[in-house]
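Here the structure comes first, spelled out in structure tokens, and everything after it is commentary.
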Number of protein chains: 2
Amino acid sequence: MQNSKIKPVTAADRTDGPEATYVLDVQVGFLLRRAAQRHLAIFFEHLPDMTSTQFAALAKLCEVGRISQNELGRRIAMDAATVKGVVDRLRARGFAETKKDPEDQRRLLVSPTGDGQMAFENYRGAAVKITRETLAPLNEDESEALLKLLSKLG
Amino acid sequence: MQNSKIKPVTAADRTDGPEATYVLDVQVGFLLRRAAQRHLAIFFEHLPDMTSTQFAALAKLCEVGRISQNELGRRIAMDAATVKGVVDRLRARGFAETKKDPEDQRRLLVSPTGDGQMAFENYRGAAVKITRETLAPLNEDESEALLKLLSKLG
DNA sequence: CGATATTCATTCGTATACAAATGGATTTTG
DNA sequence: CAAAATCCATTTGTATACGAATGAATATCG
């Protein structure tokens, strides 16, 4: 039996009226951060050799082959300053290489090395597992729904 | 009319078989990062004075009053190392204060200052707007569903 | 009671993340 | 064509994030 003295949370709690409450644990921003956090933890567990970000960049590089650094950033939703660091680290690991675009002196062309492509192939299975484990609390329909909603939000 | 030569993405594309493809743009991790990113951009637009993280900590502090630094971190899903930096910055802005727990010399008790509470009240409306704008691409039902799914995922 | 385990806060190192500013290269436009 | 606008990469500065290690304080347990 429910205690009738406990005031349930209603739509009114989400307005910005003067006596509105603000429950952090229910805000999209908080929930997004928490979910991303859990995902990263799972990622690290299965693939400690590489960060999620680096893997994303490598995956995109293997998908498109050769691309300018800025364009790569755009495709994987990364700031120019951020993508520079990521590419630097991929390069340091021998997974990517860069050279100036002869057709446009502004551009820095980035491509995956053979090692980078092999690494991607080797890690892809783990990445799939990571995705699966991240979505494990949800059933098939819920997973579909979540991906669709997140896509709309992006 | 659809071009019948374009192979649609099916469930098979999400398996880890030998010739499986890995489409980055459809992975939960990627979508979570993108959604969080957009949320942070909206946050910055409406509330450039404070980061989302700092606001979350302040909100929790105003909710619970006084709490040890580690416990605060636990409640807002923040690493001990991370929460230290956040509390330091809140303190530097005069929004929080700390003192050693006389009952347990290990603990550092954190509480919101008067200024901190006022700031929270002042910013709460903006925070509500931020949440609303983040969810703007979704209708009421979809928003509900997203929050529920994200909660399950956390 | 006393050894062991746990908790707490801090520090260090590394990796995102992004705003803002800069300088060089290319494109647009008047 | 030349000035203005845009694009590209880089740098700087600040703020999360977290693993790992450390030392101090408390709790647990034999």
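So that the names make sense, note that chain A is the first sequence line, chain B the second, and so on, each numbered from 1.
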Exercise. Should B/Glu133 and B/Glu45 be marked as a side-chain contact (heavy atoms from CB on, under 4.5 Å) after you check the CA-CA gap, both sets of side-chain angles, and the distance that decides it?
Worked result: CA-CA 11 Å; B/Glu133 189 167 328; B/Glu45 195 183 323; 4.2 Å; yes
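- If you find the closest nucleotide of DNA chain C to B/Leu108 and to A/Gln54, the one lying nearer the 5' end belongs to B/Leu108.
- Contact annotation: A/Arg89 does not reach the phosphate of C/dT14 (side-chain N/O to OP1 or OP2, under 4.0 Å).
- Rounded to a whole Å, the CG atom of A/Asp49 is 16 Å from the P atom of D/dG19.
- Remark: B/Thr53 is in phosphate contact with D/dT16, judged by side-chain N or O atoms under 4.0 Å from OP1 or OP2.
- Per the geometry, CZ belonging to B/Arg34 stands 19 Å off P belonging to C/dT16, to the nearest Å.
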Give me the distances for all protein-to-nucleotides 18-25 of chain C N/O pairs that come in under 3.5 Å?
from: C/dC18; atom 1: OP1; to: B/Gln37; atom 2: NE2; distance (Å): 3.1
from: C/dC18; atom 1: OP2; to: B/Gln37; atom 2: NE2; distance (Å): 3.3

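- Distance CG (A/Leu40) to P (D/dC18): 8 Å, rounded to an integer number of Å.
- Residues B/His39 and A/Gly29 share a closest heavy-atom pair of NE2-CA, 3.3 Å.
- In this structure, A/Glu45 places its CD atom 11 Å from P of D/dG19, rounding to the nearest Å.
- Residues forming a ring-ring contact (aromatic ring centres under 6.0 Å, His included) with B/Phe55 (at least two apart in sequence, or on another chain): A/Tyr22, B/Phe120.
- Here the closest non-hydrogen pair linking A/Tyr123 and A/Asp49 is OH-OD2, 3.2 Å.
- Among the heavy atoms of the strands, none lies under 4.0 Å from A/Ser52.
- Each of A/Glu71 and B/Arg107 lies near DNA chain D, and the nucleotide nearest A/Glu71 is the one positioned closer to the 5' end.
- For the pair A/Lys60 and B/Asp25, the salt-bridge criterion is met [side-chain N within less than 4.0 Å of a carboxylate O].
- In terms of the salt bridge (Lys or Arg N to Asp or Glu O under 4.0 Å) criterion, residue partners of B/Arg107 (sequence neighbours excluded) are, by chain and number, B/Asp104.
- Just one residue in the list B/Leu146, B/Leu153, B/Leu150 forms a side chain to side chain contact (heavy atoms under 4.5 Å, CB included) with A/Leu31, and that residue is B/Leu150.
- Remark: P of C/dA15 and NZ of A/Lys84 are 14 Å apart, rounded to the nearest angstrom.
- A/Leu90 places its CG atom 12 Å from the C1' atom of C/dA15, with the value rounded to the nearest Å.
- Atoms CZ (A/Phe55) and C1' (C/dA15) sit 18 Å apart, rounded to a whole Å.
- Here C/dC8 presents its P atom at 11 Å from CD of B/Gln69, a figure rounded to the nearest Å.
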